[in-house]
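Worth saying up front: this structure is predicted, and the values here are computed from it rather than measured. Lettering of chains follows the sequences in order, A, B, ..., and the numbering in each one begins at 1.
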Protein chains: 2
Amino acid sequence: MVEIKVVKKVLKENELIAEETRELLKEKKIFMVNVMSSPGAGKTLLLEKTINQLKKDFKIGVIVGDICTTRDSERLSRTGAPVVQINTEPFGGDCHLSANVIQEGIRQLDLNNINFLIIENVGNLVCPAEFEVGEDKKVVVLSLPEGEDKPLKYPLMFRVANCAVINKIDLAPYLELKPEQFAKNIKQINPEIPIFQLSAKTDDGLSAWLDWLKKQAKAKIA
Amino acid sequence: MVEIKVVKKVLKENELIAEETRELLKEKKIFMVNVMSSPGAGKTLLLEKTINQLKKDFKIGVIVGDICTTRDSERLSRTGAPVVQINTEPFGGDCHLSANVIQEGIRQLDLNNINFLIIENVGNLVCPAEFEVGEDKKVVVLSLPEGEDKPLKYPLMFRVANCAVINKIDLAPYLELKPEQFAKNIKQINPEIPIFQLSAKTDDGLSAWLDWLKKQAKAKIA
């Protein structure tokens with residue numbers, strides 16, 4: 001039971017730092033979105049496409065969390081956006097990005113040249129949901145091959161998320177599952193959440209997601 | 001930095017309890033395998049098939065970890081094996097099964113009628129890798145749609161695993177990736193690890209995995 005108390009203490013400290021970040025981003029008029037998912041749900045490709053579409057409207061910066069490797073940040077750097085890579089392995093292979101790590105990442109960026117900050121979190125459907133980092137919106141990305149029961153099995157992530165993306169819908173014909181059941185299961189956990197079904201690979205459904213994201217950012221920046 | 005020290009302390013306590021479990025299972029001649037993966041990699045279907053194939057040779061028991069829901073344990077119960085369900089939500093939605101939770105789960109089983117214990121861990125490619133639970137073998141299940149970079153991005157899991165299963169190979173024709181690159185990336189992290197490519201859905205490649213698992217169990221039980 002020791003573990004539980006400890007987690008609570010860590011979460012409280014985390015919340016204080018997240019609040020500092022929230023204040024800073026409010027002052028600087030920077031919108032920040034925290035994108036979370038299982039490993040392999042397709043966050044990086046989705047963000048590559050997203051940044052390429054939005055970079056004419058916003059000054060985008062990116063913070064990428066990974067336990068190891070710089071693959072995702074290299075891919076995202078090709079969009080031209082400034083990217084801060086955080087490898088959590090020196091911190092014991094941390095399974096999420098905590099508020100202090102994000103605060104440190106933000107310090108590496110030129111905040112006068114950014115108004116739209118994207119966090120690509122560590123691939124994990126559990127722990128990142130517990131850690132506020134000072135973001136305006138949390139997005140969970142789920143991919144079709146993961147199965148329609150995931151929202152029921154990992155409810156906290158879907159409860160805290162402000163938007164759910166169901167990715168890889170191009171694989172639907174080859175999977176024995178009902179895509180509409182995904183949305184139904186997500187709504188069971190979080191009835192009001194907007195859901196976007198799309199394929200980052202084929203661009204199918206991408207525009208509705210981009211519109212939603214633009215609207216959220218403009219509401220803060222304007 | 002507080003967080004890191006805390007994790008180390010928890011891990012040390014965890015190891016002591018795992019050692020108690022190891023002693024108990026040695027005395028009772030019970031083989032225990034800990035099966036880990038991302039959410040949606042197909043652990044439950046793989047285990048359903050595995051139990052149905054092995055139940056004539058072994059007295060199988062199962063401990064299933066989930067944050068929420070009893071779906072997986074209901075599916076596995078249909079094999080006829082005794083199943084203990086652990087929901088981690090009362091413990092703050094824990095992202096892994098720790099040694100004390102497994103010890104408690106084992107207490108619920110009739111150990112005189114079991115010689116092969118399967119743990120289906122919480123879907124998470126990060127945290128479960130850090131927690132010994134007293135198992136004889138650790139198995140990591142990866143599914144093809146997750147992408148071939150996962151072993152490089154989540155190296156600890158592949159470093160500690162005694163065996164890797166690459167599941168959902170039936171989807172290979174519809175994915176833009178090279179299945180052989182998966183094995184190559186796994187070997188880069190863990191050169192000696194046996195790797196089984198299979199589809200739990202079509203049974204393709206299942207027998208080599210079953211043979212390996214039987215051999216490991218017999219080596220301990222005999």
Side-chain angles (χ1 to χ4, degrees), chain A residues 1-4 6-11 13-14 37-42 44-45 66-69 71-72 88-96 98 100 122-127 129-130 142-157 168 170-171 173-176 189 201, chain B residues 1-4 6-11 13-14 37-42 44-45 66-69 71-72 88-96 98 100 122-130 142-150 152-157 168 170-171 173-176 189 201:
Chain A
M1 293 307 101
V2 174
E3 217 178 328
I4 298 161
V6 158
V7 169
K8 279 197 182 138
K9 192 179 156 223
V10 171
L11 285 174
E13 282 182 31
N14 187 77
S37 81
S38 293
T44 310
L45 184 60
D66 258 318
I67 291 169
C68 217
T69 86
R71 291 175 163 247
D72 293 352
T88 66
E89 199 165 49
F91 307 97
D94 247 12
C95 49
H96 61 276
S98 56
N100 62 342
V122 177
N124 184 332
L125 217 45
V126 189
C127 319
E130 296 179 24
L142 188 65
S143 66
L144 222 50
E146 292 171 60
E148 68 274 18
D149 56 349
K150 293 303 154 302
L152 305 179
K153 293 177 68 180
Y154 303 90
L156 181 64
M157 180 61 85
K168 305 194 190 181
D170 54 291
L171 292 175
Y174 318 114
L175 300 167
E176 272 169 30
I189 302 297
K201 187 167 134 188
Chain B
M1 296 305 104
V2 174
E3 218 178 328
I4 298 161
V6 158
V7 169
K8 279 198 183 139
K9 191 177 157 221
V10 170
L11 285 175
E13 284 182 31
N14 188 77
S37 81
S38 291
T44 310
L45 184 59
D66 259 318
I67 291 168
C68 217
T69 86
R71 292 174 162 247
D72 293 351
T88 66
E89 200 165 48
F91 308 96
D94 247 11
C95 48
H96 62 276
S98 56
N100 63 340
V122 176
N124 185 331
L125 217 45
V126 190
C127 320
E130 295 179 23
L142 189 66
S143 66
L144 222 50
E146 291 170 59
E148 68 273 15
D149 56 348
K150 292 303 153 303
L152 305 178
K153 292 177 68 180
Y154 303 89
L156 181 64
M157 180 61 86
K168 305 194 190 181
D170 55 290
L171 291 175
Y174 317 115
L175 300 168
E176 272 169 30
I189 302 298
K201 186 167 135 189

Next item on the list: Sort out for me which of A:G42, A:C127, A:P39, A:S38 touches chain B most, counting heavy-atom pairs under 4.5 Å.
Entry: A:P39
Next item on the list: Please name the pair of heavy atoms, one in A:I67 and one in B:K153, separated by the smallest distance, quoted to 0.1 Å.
Entry: CB-O, 3.6 Å
Check: Do you know which of B:L152, B:L125, B:V122 has the most heavy-atom pairs under 4.5 Å to chain A?
Finding: B:L152
Checklist line | Inter-chain contacts: residues 142-149 of chain A against chain B, heavy atoms under 4.5 Å | finding: A:P145, A:E146, A:D149
Check: Is the side chain of B:Y154 donor-acceptor paired with the backbone N or O of A:G123 at a distance under 3.5 Å, no angle test?
Finding: yes
Check: Which answer fits A:D72, side chain, backbone, both or neither, if we ask what part of it has an atom under 4.5 Å from a heavy atom of chain B?
Finding: side chain
Next item on the list: Against chain B, label A:L171 side chain, backbone, both or neither, depending on which of its atoms sit under 4.5 Å from a heavy atom there.
Entry: side chain
Checklist line | Nearest-0.5 Å distance, CG of residue B:D170 to CG of residue A:L175 | finding: 8.5 Å
Notebook entry, point to check: Does a side-chain heavy-atom distance below 4.5 Å link B:T69 with A:P155?
Noted result: no
